[in-house]
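Remember, it's 1-based here, ligands and their atoms both numbered in the order they're listed. In this chain, residues are counted from 1 in sequence order.
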Amino acid sequence: MPLIRVDATKGRSEDEIRNVLDSEAHLSGFNEVSDAIQFLVSDAETFAAVQIDTRDSFAADVITGLSARHKQLPPKYFYDATGSRLFEEICRTDDYYVTRSETALLRNIAEELAAGIPQGAALVEFGSGESAKTRLLLDAAPQLSAYVPIDISADALDQASAMLARDYPQLSIAPVVADFTGHFRLPAAADGRPRVGFFPGSTVGNFDRDGAVRFLQSARRILGDQAALLVGVDLVKDEATLSAAYDDSQGVTARFNKNLLIRINRELGGDFDPDAFDHLALWNPVHSRMEMHLVSRKDHIVNAAGHTFSFRSGERLHTENSHKFTIDSFAQLAARAGWSVANTWISDEPRVAMFRLEPHP
Ligand code: AVJ
C-alpha cells in the first residue's frame with residue numbers, strides 16, 4: 001500500500017499541514033504519519049506540495065517482490081532523481097519512438113485538442129515528469145486557468161514547475177507530489193473548475209488490465225462528471241521495432257533498468273552488484289506487452305532492506321510491463337471504466353494513438 005499522502009499546502013502552516021496529513025493517513029488506514037515528512041514548500045504559494053517519506057512502502061514492496069516465487073518490483077520505483085533523468089534520456093534515443101511519435105502527433109493536433117478545453121479549465125496531468133509535451137497543449141489553450149502536474153519524483157516536479165511558472169505567468173501551477181496509482185486529492189487550484197485530464201506517454205500501459213480500469217475509474221472520479229481525459233497509448237506493432245525501443249543501442253534503457261538496484265542499495269542498504277545482472281526486454285504476445293527483466297548472471301545472494309534474497313543463475317527479476325493496444329482494445333478498456341471514446345488520433349509510424357475520453361452519457 002502506498003504511503004504517500006499529499007495535499008496542496010497553499011498558505012498553510014507546518015502544523016496545519018501535519019494535521020491534514022495525519023487525518024489523511026488515518027482515512028487511508030494508517031495509524032500515523034512517518035516522521036520523515038519532506039516539506040517541498042517554496043516561497044511562491046503555487047509551489048506548495050508535501051510528500052511523506054516513501055521509504056517504508058519501498059522497503060515493504062522490495063521485501064515482498066524479492067521474496068516472491070517470480071521476483072518482481074513495481075515500475076514506479078524507477079523514478080528517483082537519476083531514474084527520471086535516465087527516462088528523459090531514453091526519450092531522446094532514436095530507438096525509443098514513443099515520445100517522438102507522440103510529440104509530433106501532439107504538435108499536429110494541439111489546436112483540435114485545445115478546442116475541446118473549456119474556458120477557465122484546470123489541466124490535470126498524471127505522471128508529468130518534465131512536462132515537455134504539456135507545453136504544446138498549454139501554448140494552444142490559453143483559456144486554461146490552472147495546471148496540476150502530479151508526479152512521484154519531487155525533483156522532476158520541482159524543476160518542471162519552476163520553469164513553467166516562469167514561462168506561463170498567467171497560469172496557476174499547483175504541483176502534487178504523489179503516486180498517482182494511489183489515493184490523492186486535487187489541490188484547491190482545481191476546485192470549481194472544469195477539469196481536463198492529461199495522461200500521455202503510454203504510461204497507462206504499465207498497469208495490468210484490471211489496474212488500468214481501476215486507474216481510469218479513479219481518474220473519472222477525481223476529474224468529475226464534466227471532465228475529459230486525453231490519453232496517449234502505444235499501439236501494437238512489429239516486434240523488431242518494439243524490442244529495439246526497450247533495448248536501445250546506446251544502452252540507456254539497460255542503465256535505467258539497473259538503476260533500480262542502485263536505488264535499493266542507496267535507500268535500503270542493499271548490496272546489489274548491477275553487473276551481476278543483464279537487462280532483458282522481451283515481447284509477450286499473450287498479454288500484448290513489452291516486458292523488462294533483470295536476469296541474474298550467476299547463483300548469488302543479495303542483502304537488502306534487512307533481508308537476504310537468493311538468485312539462481314538465469315533467474316529473472318521482472319521490473320516492468322508496457323502494454324500495447326489496438327484502437328479497439330483500448331476503447332474496450334476505457335468503456336469498462338465508464339469512459340467513451342469521443343475522438344481518436346493516430347501518429348505517423350511508428351504509430352501511437354491519442355484518445356479523447358468523455359464520461360459515458
Ligand atoms: C513512461 C512507462 C511509458 O513503458 O514505455 C521506457 C517507461 N520503460 N523504456 C514505457 C519505459 C522502458 C515508459 N513509460
Engineer: Taking the six-membered ring for Trp, is the centroid-to-centroid distance between F272 and H300 below 6.0 Å?
Structural biologist: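 No.
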Engineer: Looking at M292, which atoms of ligand 1 are within less than 4.0 Å of one of its heavy atoms?
Structural biologist: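 This gives 12 (C) as the contact atoms.
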Engineer: Is it true that F78 and F87 have ring centroids separated by less than 6.0 Å?
Structural biologist: no
Engineer: Within the structure, is a non-hydrogen atom of N206 found at a distance of less than 4.0 Å from ligand 1?
Structural biologist: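 N206 counts as a contact of ligand 1 under the 4.0 Å cut-off.
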Engineer: Going by the order shown, which atoms of ligand 1 are within less than 4.0 Å of some heavy atom of T203?
Structural biologist: 1 (C), 3 (C)
Engineer: Output the distance between atom OG (S131) and atom CG (L137), rounded to the nearest 0.5 Å.
Structural biologist: 11.0 Å
Engineer: Just need the protein heavy atom nearest to atom 8 (N) of ligand 1, so name the residue and atom and give the distance.
Structural biologist: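 Closest protein heavy atom to atom 8 (N) of ligand 1: E320 OE1, 2.6 Å.
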Engineer: I'd like to check L157 versus S128 (side-chain heavy atoms, cut-off strictly below 4.5 Å). Are they in contact?
Structural biologist: yes
Engineer: Which pairs with one or both residues in residues 146-181 pass ring pair (Phe, Tyr, Trp, His ring centres under 6.0 Å), sequence neighbours excluded?
Structural biologist: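 Listed by first then second residue: F180-F199, F180-F215.
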Engineer: How far is atom 6 (C) of ligand 1 from its nearest protein heavy atom, and which residue and atom is that?
Structural biologist: Y96 CE1, 3.5 Å
Engineer: Does M290 come within less than 4.0 Å of ligand 1, judged by its heavy atoms?
Structural biologist: no
Engineer: Suppose we measure from atom 1 (C) of ligand 1 to each protein heavy atom; which comes out shortest, and what is that distance?
Structural biologist: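 Nearest protein contact, heavy atoms only, for atom 1 (C) of ligand 1 is F87 CZ, 3.4 Å.
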Engineer: Is there a nitrogen or oxygen of S202 sitting under 3.5 Å from a nitrogen or oxygen of ligand 1?
Structural biologist: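 Not met; the criterion fails.
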Engineer: Output yes when a side-chain donor or acceptor of R100 lies under 3.5 Å from a complementary backbone atom of D94, and no otherwise.
Structural biologist: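 Such a contact is found between R100 side chain and D94 backbone.
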Engineer: Using the side-chain contact (heavy atoms from CB on, under 4.5 Å) definition, which of the options L317, D273, T319 pairs with L261?
Structural biologist: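 One option only clears the test, and that one is L317.
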Engineer: Would K71 and F311 count as a cation-pi pair here, with the cationic atom under 6.0 angstrom from the ring centre and within 45° of the axis?
Structural biologist: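 Yes, K71 sits over the ring of F311.
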Engineer: Any heavy atom of F78 closer to ligand 1 than 4.0 angstrom?
Structural biologist: no
Engineer: Using heavy atoms and a 4.0 Å limit, tell me yes or no: is G205 in contact with ligand 1?
Structural biologist: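 No, G205 has no heavy atom closer than 4.0 Å to ligand 1.
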Engineer: Have a look at G201, P200, S322 and point out the one with the heavy atom closest to atom 4 (O) of ligand 1.
Structural biologist: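 Among G201, P200, S322, the closest heavy atom to atom 4 (O) of ligand 1 comes from S322.
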Engineer: Among the heavy atoms of F207, does any lie under 4.0 Å from an atom of ligand 1?
Structural biologist: no
